**Q** 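Structure below; questions to follow.
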Amino acid sequence: MKLKKSFYNRPTLRVAQELLGKYLVYRIGKKKIIGKIVETEAYVGPQDRASHASRGRTPRTELMFGPAGHTYIYLIYGMYYCFNIVTEAKDYPAAVLIRALEPIIPQTPFNHRQGGAGKGAKNPPLSKGVGGISNGPGKLCRYLKIDKKLNGADLTGNIIWVEDRKEKILPREIARAKRIGIDYAGQWQKKKWRFYIKNNNFVSRI
DNA sequence: CAAGAGATCATCT
DNA sequence: GATGATCTCTTGA
């Protein structure tokens with residue numbers, strides 16, 4: 001079920017769409033933190049002005065030029081991490097930004113009261129939309145407890161990976177939109193390289 | 001409800 | 001020295 005390198009080593013726009021509905025798993029010791037991918041953005045090639053790689057190879061962007069199937073994590077605005085998956089062939093800079101997850105919390109006696117416990121409950125329901133805990137690039141990294149030690153991690157290893165649980169997302173369930181927060185990117189700002197699952201309550205923006 | 005500002009720092013010039 | 005693949009809070013209509 002774990003996606004292999006061959007999945008990531010393909011055209012980025014395609015990988016970005018096919019990642020929707022897959023499950024991101026991060027193992028910390030015996031615990032796993034899991035989220036279903038519901039929103040992605042593609043950053044493709046050396047020309048894409050929205051991509052960090054458009055300024056050429058630097059120590060930071062080197063990973064984007066590396067082989068597919070690794071993580072690329074960086075700090076943005078001094079306080080949030082963004083989680084990316086490197087795609088395509090070595091020396092071609094491209095990656096998919098994971099923008100939103102639907103949090104998957106294993107049911108236990110302590111949290112299965114979610115939503116039914118009423119006001120003041122110790123386990124409030126996982127909120128939807130605004131107020132969610134993983135509906136944005138910065139927030140999902142907090143949810144996953146991602147930090148820069150994971151930068152460059154191999155997604156075919158056993159620390160962090162993506163699983164296919166055979167949930168088929170049909171093309172008509174995928175919405176396509178302009179990427180967020182890249183107004184400086186000129187013509188590239190107009191490319192509809194953001195993908196999300198329609199009618200899903202956990203995407204960052206509609 | 002929309003718009004604006006502040007937080008805060010690695011990276012690049 | 002400037003800036004950003006963000007988020008939250010405050011302000012004002």
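What you see is a predicted model, and the numbers here were worked out from it, not measured in a lab.
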**Q** Tell me whether the side-chain N/O atoms of A/R142 come closer than 4.0 Å to OP1 or OP2 in C/dC7.
**A** no
**Q** Over how many whole Å does the gap from A/Y74 atom OH to C/dG4 atom C1' extend?
**A** 8 Å
**Q** NA contact type, A/G78, heavy-atom cut-off 4.0 Å: base, sugar-phosphate, or nothing?
**A** base
**Q** Could I get the full list of salt bridge (charged side-chain N to carboxylate O under 4.0 Å, His left out) partners for A/D91, not counting sequence neighbours?
**A** A/R57
**Q** Apply side-chain contact (heavy atoms from CB on, under 4.5 Å) to A/V25 and A/I160, showing your working.
**A** CA-CA 6 Å; A/V25 182; A/I160 187 165; over 6 Å; no
**Q** Given atom CG of A/D183 and atom C1' of C/dT6, what is their separation to the nearest angstrom?
**A** 13 Å
**Q** What's A/I182 touching, base or sugar-phosphate or nothing? Going by heavy atoms closer than 4.0 Å.
**A**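 It contacts sugar-phosphate atoms only.
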**Q** What residues from residues 79-94 of chain A pass a heavy-atom cutoff of under 4.0 Å to DNA chain B?
**A** A/M79
**Q** Suppose the criterion is salt bridge (charged side-chain N to carboxylate O under 4.0 Å, His left out): which pairs have a residue in residues 31-52 of chain A, not counting sequence neighbours?
**A**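 Residue pairs passing salt bridge (charged side-chain N to carboxylate O under 4.0 Å, His left out), neighbours aside: A/K36-A/E167, A/E39-A/R99, A/E39-A/R194, A/E41-A/R99, A/D48-A/R179.
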**Q** Could you check whether A/T61 and A/T58, counting side-chain N and O atoms only, form a donor-acceptor pair closer than 3.5 Å?
**A**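 Yes, A/T61 and A/T58 have a side-chain donor paired with an acceptor closer than 3.5 Å.
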**Q** Would you indicate which nucleotide in C/dG4, B/dA10, C/dC7 comes nearest to any side-chain atom of A/P137?
**A**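 So the side chain of A/P137 is nearest to C/dC7.
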**Q** Could you give the CD1-to-P distance, from A/I133 to C/dT6, as a whole number of Å?
**A**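 Distance check: A/I133 CD1 to C/dT6 P gives 19 Å.
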**Q** Look at the side-chain heavy atoms of Ile, Leu, Val, Met, Phe, Trp and Tyr, link any pair under 4.5 Å apart, and say whether A/V203 and A/L170 land in one connected group.
**A**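 As far as the 4.5 Å side-chain criterion goes, A/L170 and A/V203 are not connected within one cluster.
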**Q** My understanding is that only residues two or more places apart in sequence, or in another chain, count here; which of them pass side-chain contact (heavy atoms from CB on, under 4.5 Å) with A/K166?
**A** A/M1, A/D164
**Q** Report, one pair per line, the protein and nucleotides 1-3 of chain B atoms (nitrogen or oxygen only) whose separation is under 3.5 Å.
**A**
none

**Q** Is the Lys NZ or Arg CZ of A/R10 less than 6.0 Å from the centre of A/F7's six-membered ring, within 45° of the axis?
**A** yes
**Q** Answer yes or no: is there a donor N or O on one side and an acceptor on the other, between the side chain of A/T40 and the main chain of A/A16, under 3.5 Å?
**A** yes
**Q** Residues two or more places apart in sequence or in another chain: which of them pass side-chain contact (heavy atoms from CB on, under 4.5 Å) with A/R165?
**A** A/Y23, A/I34, A/E163
**Q** Would you kindly give the OH-to-P distance between A/Y77 and C/dA2, to the nearest whole Å?
**A**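 Answer to the nearest Å: 18 Å.
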**Q** Between C/dG4, B/dC9, C/dT8, which nucleotide gets closest to the side-chain atoms of A/K139?
**A**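 Closest nucleotide among those given: C/dT8.
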**Q** Counting runs of three or more consecutive pairs, Watson-Crick or G-U wobble, with each distance below 3.5 Å, where are the stems of DNA chain C?
**A** B:1-7 with C:6-12, B:9-12 with C:1-4
**Q** With sugar-phosphate meaning primed atoms plus P, OP1 and OP2, does A/K148 contact a base, only sugar-phosphate, or nothing at under 4.0 Å between heavy atoms?
**A**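 Touches sugar-phosphate only.
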**Q** Does any residue of residues 51-64 of chain A have a heavy atom under 4.0 Å from DNA chain C, and if so, which ones, in number order?
**A**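 A/H52, A/M64, in order of number.
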**Q** Rounded to whole angstrom units, what separation is found between the CD atom of A/E39 and the C1' atom of C/dT6?
**A**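 Whole-Å distance recorded here is 13 Å.
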**Q** Which is it for A/L101 and A/Y143 under the side-chain contact (heavy atoms from CB on, under 4.5 Å) test, yes or no, and what are the steps along the way?
**A** CA-CA 9 Å; A/L101 298 174; A/Y143 166 71; 4.3 Å; yes
**Q** Starting at CZ of A/R205 and ending at P of C/dT8, how long is that distance when rounded to a whole Å?
**A** 12 Å
**Q** Identify the two heavy atoms, one from A/Y26 and one from A/I159, that lie closest to each other, and give their separation to 0.1 Å.
**A** CD1-O, 3.5 Å
**Q** If you look only at pairs with a residue in residues 66-85 of chain A, which of them pass as a side-chain hydrogen bond (donor to acceptor under 3.5 Å, both in side chains), with sequence neighbours excluded?
**A**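 Found A/H52-A/Y72.
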**Q** Mind checking what makes side-chain contact (heavy atoms from CB on, under 4.5 Å) contact with A/K2, not counting sequence neighbours?
**A**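 Only A/N158, A/W161 meet the side-chain contact (heavy atoms from CB on, under 4.5 Å) criterion with A/K2.
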**Q** Would you jot down, in residue-number order, the residues of residues 16-24 of chain A having a non-hydrogen atom under 4.0 Å from DNA chain B?
**A** none
**Q** With a 3.5 Å cut-off and no angle check, do the side chains of A/E88 and A/N9 form a donor-acceptor pair?
**A** no
**Q** Nearest heavy-atom pair of A/P93 and A/A53: which atoms, and what distance?
**A**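 Heavy-atom minimum between the residues: CB-CB, 3.4 Å.
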**Q** Roughly, in whole Å, what's the span from CD in A/E41 to C1' in C/dT6?
**A**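 After rounding, the gap between these two atoms is 12 Å.
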**Q** Which whole-number value in Å describes the distance from A/D147 CG to B/dC9 P?
**A**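 Going from A/D147 (CG) to B/dC9 (P), I get 15 Å.
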**Q** Are A/L155 and A/V15 grouped together when hydrophobic residues (ILVMFWY) are joined by side-chain heavy atoms under 4.5 angstrom apart?
**A**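 Linked within one cluster.
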**Q** Test of understanding: with side-chain contact (heavy atoms from CB on, under 4.5 Å), list the residues that count as partners of A/I169, not counting sequence neighbours.
**A** A/E173, A/I174, A/I197
